[in-house]
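Remarks on the structure that follows.
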Amino acid sequence: MPVDHRRIQGPECSEDYRKPKTLDAALLKKGSRRADGRKCGEQRKIFLKPGVVSQAKGSAYIELDHTKVICSVFDPREKASRNLEQQTVRGEIFCEFKFASFSGVQRRSHQQEADDKEYSLLLKNALEPAVCLHEFPNFQVDVQVLVLQDDGSSLAAAITCAGLALADAAVPMYDLPVGLSKAFSGDTEFFDPTGAEERMCLRGVDGESDHGVFTIGFLPTFNQVSQLFHSGHISSDRFGKMISEVGTLAAEVHKAVQAILLSAVKSSIDSSDNSKLLL
Amino acid sequence: MSVHIKTIHPMKYMRDFLARNIRPDGRKLSEVRPTAINVGSISTADGSALVKIGNTVVICGIKAELTVPNAENPNEGFVIPNVELPPLCSPQFKSGPPGETAQVSSQFLADILVNSKCVDLQSLCIMPDKLAWVLYCDLICLDHDGSVLDACVAALVSALCTVTLPEVKFDAITKNKTVELEKRRPLTLTCFPFASTFATFDENSILADPSEEEESLCSGTISIVTSGDSLYSVHKPGGCQLSENRLSECISKAQKRSLTLRGMVEKSMESIKS
Amino acid sequence: MAGLQLLSEYGLRVDGRRPNELRQIRCKMGVFSQPDGSAYLEQGNTKVLAAVYGPHEVRLNRSKTHHDRAYINCQFSMAVFSTSERKRRPRGDRKSQEMDMNLNQIFESAIRTELYPRSRIDIYLEVLQADGSNFSACVNAATLALIDAGIPLKDYVCSCTSTLAPSQGGAPPTPMVDVNHVEETLGGPGLSMSTLPRLDSVVHLELSGTRLHLSHIDPVAEKAATGAADIMAVLDKAVRGHVAQCLHAREVSGQGADA
Amino acid sequence: MADILLSEAEKTFILHGVRDNVRNDGRSCSEFRPIELELGLVENANGSARVRLANTDVLVAVKCEIDNPPSNFPDEGKLDFFVDCSANATPQFEGKGGEQLAVELAALMSRAYQTRESFNLSTLSIIKGMKCWKLCIDVLILECGGSLIDAISMGTKAALADTKIPKVSVIGSDEGTLELELADEADGREEPLDWHHAPCLVTLNKLEDSLLVDASAEEEACCAAALIVGVSPNKKITTTSIPGHGSFLADSKIFARALNLAVDVGVKLNTALEAAIKKHQTLKPPPRGFLD
Amino acid sequence: MPRPLLHSLLSLILNQLTRVLHAVCSVYKQNFLAMNSNSSNGTHSDDKEECSVRPILCELGVITRPDGSAILTQGHTVVMSAVYGPSEVRMQRLQVDRAYVETVFRPKAGVPNTSDRLRETIIRDTCETAMIATLYPRTTISVILQEMEDSGGLLACSINASCLALMDSGVSMKFLFAAVTCGVTEDDLIIVDPDADKLKECKASLTFAFDSINKNVIASYTSGTFPVQTYNNGLEKCRQASDFLFDFYRDIVRKYASTL
């Protein structure tokens, strides 16, 4: 690895002291509760708070039990792309997704790795249908997402968090995008999987034909799917059924996010009222 | 009305406030913003802490790994601090390799660790010349609203307090290492350095714990790292001249503040132990 | 010299060629439909693809345009699988930047740029397989692509490399033309010359590898020049064949349309 | 990919054609354009293939390197995708231009090959936990004229079929370091890779409520959204993705129809590809390359 | 160009080359003799009790291209500095009311790393305080420092070298500034301007920069642990030592008055 002169240098090579975790198929016990006591179709408790970063135009922080994601949005600025002749009529969203170096079990490097780049593109595709891009032609909105701790379905949490941050930054949008993910192996399905369940279903237990993980970006008011990111092994009709099942759950999450946004806007109006009195 | 003056004549706006020795956000000159320290919030890291001073938020995550000590000092482990100022925390930073302020802060933290010897590097060595611990301390600023150095040092020290390292036995002949994950012993710190930053304004007024716009308007800053009795660093990169007594005034304020910060860290440590 | 002898005692080279024998050249023009001109050239096992876009108006950075002539922009890149050892990055390293600069200079002097003021001509080269004298193969392929794109040239730009086999058993060192990968890596001096054969003028000359004694420069340069002239003959034949083929195709389609 | 300028009239012309299942080049909505396949083109690689789908031209080469296996799966090898957008395709790919598209395509392909059912990595292991094969799959895009990912997935599957892994024997291991001796290429490993389960990716473009397969550049310009589905020969979906600004209506009817169409087109594609590969392997025609 | 022309060109270049080579090595011989003759007569005695500094040697205007340049030797620590006076500024660095001051510190070997960046910030802020930057709006003033030899007190030597270069460049300044380093031994004794091996025994080192008018602290950079009292009397000792430097500045200016 070329020496990075812009950071304090540690020893050349160092490896993790933990033995690599083997996949425990115990997670798949039929019909029983999951490792953290949730039922199969139950989502983790969501903690969501807009306006956490004072310096950003809009920001949001989401916590799904151990998955913690923070996102900040800056107001539109001149498009930085060098080929100026592409005077597109549509604005652009520039997403940057980064796992913190201490976010996973394995330490990650400071530079952007392959999956950071991949998630940036997926997040960009998930948000673009929701934002009225024609409102700011030739401008780009920067969406910066940082995963502080990753315990499964971090992309889904990032989609919801980025949607709320965009709303907090008053970017014109058609709808609040909501991210949901589901892992399945054999006939057990985990809604909003944790890190261990996700790794388990990605590999799939031998002999089990259907397994995999998929993340959906939803725009519930128009019932649109903005991003469908799946990896695994499944037949098409079962996949269609699962997508519509997840659709119903998306509506609930969407209501919750709307309520949070509403209360945040109300509190900012009240505070700005009495701040007028003060001056 | 006040917003327009602030954007057009920021200096005049600030001087009017300082004339009545009060600050735009209502604080007195030597008053410090409310500070909160939350410890052990990231379970995937071996040690972590989040420090919030006013609006400035810095999170520090420490990952421990095993490595071979270098030749110069074979019986010492490593503590590698690195500060990241991502574009997330403020529009002034670009994405890509760390900018100048980030590099200066990382070097400042590395100097403090060397000066104060708060982590005894010998205790990090498992087998001299064969195997030692390396603690990668990665600090990420989530909100850049002034005096980020204070928050970084506080976050680093409190995260180091929460680090627990598993027992490792190294068998020289067979060269394999056995790690008992259950028996974890905490890392002991020899001292608790804390930083306080002061901004100097037209040579006479000194503001404690400046916010982002105060920092951008001031003529110079001075950061003093102390743990109550001895000084670890008096870092004044330039800015206006400071006479003798003003300097010692800052040092005494810094010492008082480091004692209060130390109390807060110990209180939050008890909260996670119980 | 390493164990392997460059010239066997019967005067044959490693791949069985005579010292003054070129490798087999096969080429095809008009390989792609989207670029204005494209060509594929095989010189022995060195396979190169060339594409030409232009002359088109400059949209990107206006600072680079010249008011009186066209701006030539070349990009040389080697496919990741082109060499036996997998290359980490296809382009952007020092070597390919140097190649870009050389190619720019060559074609700036070869193309009649004054006919297209304030415009830009892009020449992109992709080496699919590298088996020695890649740069010369690129120059020849680019010439074919420019002709396919219908861009007026002062003359064919033919490039050839030559080297010097060390003297064995008293025989004087014999210059060899059209160097392949083995001869290149064995460290002899490599002289690569790009010429406009009909106008008998040198456009680009580069000596790399070990030192070359002053007295040997003439024979080696001579060899490279004759090599380039022979290559021009081959390219000329290929171009005429291609043009004849196009005319024939147009007639056939022309009749089809009238009937 | 290059900027296609379409007038409104042309768009409505395409739209009406698609409504009654006819496209301007006479194909029905679920038909592919003629595909040419060629194997064994690149001598330096262990396996290579070239796919021409109308004017999309992709060259895929597979090279094997010896590497140590991932720590959490010691008995498996590695698969590494790298896509290079050559500037030959369009001037926009010059320098860093094609970087973003290359990253997107490489990520999509590595996700399609992630499950064991599509490519069993344990066949790449040499010595459990010590040494394994790392297949570097390098894709070079020479010309792009729509449905790029389909051409790349077909090229990858054909290249894997053409790959021969040299036999490896361990000739002694002094204190922990292994010396591996590569048998020369001639007597390659007996059974080549099991490429039969490799998936083929199909791009469905949505135009109003009809779905187009293998849309040409003009058709792609007037489509609202696209859905990419990776289909393995045994009718299973291995990956999906929705690139670009579009979004799909989520009611189960539309989605089920789209997925089923994708699966049977994908299966048809897989069988046609396997037939072409078998024909190529039996006839062993001399590589013509670009000289045809 | 045609080939016969090529051959004549080649031979012409060759004999030119040989002539130039002979000239260069003769010049080098004379220089070497002159150099080591005048470095022995150090201007200041070397005893440590009262606060005197190591022997200082300086030359202004050593490099022709920059507007101001200096090479400064303090004991065996040598730093060369150059100042490129008010020059045009890049768009994103433009400041409407003042000059943008930029500093580059090049270490002796290798690529500049984070510790050089820290030195750069200290030197830049010190120069910025001393300069009247508001006289040159919308411009850039860049101070370039090259470390030639480091045997203790490198930061102080670089700050002094940058001050000398600024004087040579004619940029208007509010005051001159001088920096002094002092070491703190195990039993809290202050050694002023220690060289490398004395510095090794010290447990801490303090570097201060003072202004020439009322000798206040402009910059302070410390390493190691020390009690507050030691910091104060270290500061006092360094302040007295800075007088030597300010006198030295006066001598230099007098010496170069004719040529400046």
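Just so we're on the same page: letters track the sequence lines, and every chain starts at 1.
- The number of heavy atoms from other shown groups lying within 6.0 Å of CZ (Arg246(B)) is above 12.
- When the candidates Phe175(E), Tyr221(E), Tyr231(E) are compared by the number of heavy-atom contacts under 4.5 Å with chain B, Tyr231(E) comes out ahead.
- Of the possible polar contacts, one joining the Lys236(B) side chain to the Ile218(E) backbone as a donor-acceptor pair under 3.5 Å is found.
- Phe210(E) does not touch chain B: none of its heavy atoms, backbone or side chain, sits under 4.5 Å away.
- Residue Leu235(E) touches chain B through its side chain alone, counting heavy-atom pairs closer than 4.5 Å.
- Rounded to the nearest 0.5 angstrom, Ser248(B) OG and Gln229(E) CD are separated by 10.0 Å.
- When each of Thr230(E), Thr222(E), Val228(E) is paired with Leu231(B), the side-chain contact (heavy atoms from CB on, under 4.5 Å) condition holds for Val228(E) and for no other.
- Once rounded to the nearest 0.5 Å, the distance linking CG of Asp211(E) with CD of Gln241(B) reads 4.5 Å.
- Looking at Ile112(B), neither its backbone nor its side chain comes within 4.5 Å of chain E, counting heavy atoms on both sides.
- Between the side chain of Thr225(E) and the backbone N or O of Asn115(B), at least one donor-acceptor pair lies under 3.5 Å.
- Of the candidates Thr114(E), Asp116(E), Thr121(E), Thr114(E) is the only one forming a side-chain hydrogen bond (donor to acceptor under 3.5 Å, both in side chains) with Gln107(B).
- Side chains of His235(B) and Ile122(E) form a contact here, defined as non-hydrogen atoms less than 4.5 Å apart.
- Ion pairing of Arg239(E) with Glu244(B) is present here, as a side-chain N (NZ or NE/NH1/NH2) and a carboxylate O approach within less than 4.0 Å.
- Atom OG in Ser220(E) sits 7.0 Å away from atom CG in Leu247(B) (nearest 0.5 Å).
- Options Asp111(B), Ile251(B), Val234(B) differ in how many heavy-atom pairs under 4.5 Å they form with chain E, and the most are formed by Val234(B).
- Looking at Phe226(E), both its backbone and its side chain come within 4.5 Å of chain B, counting heavy atoms on both sides.
- Note that the OG atom of Ser219(B) and the CD atom of Glu128(E) stand 11.0 Å from one another [nearest 0.5 Å].
- Annotation: maximal heavy-atom pairing with chain B below 4.5 Å, among Thr126(E), Leu118(E), Val217(E), occurs at Val217(E).
- Rounding to the nearest 0.5 angstrom, the gap separating the OG atom in Ser106(B) from the CG atom in Asn113(E) is 11.5 Å.
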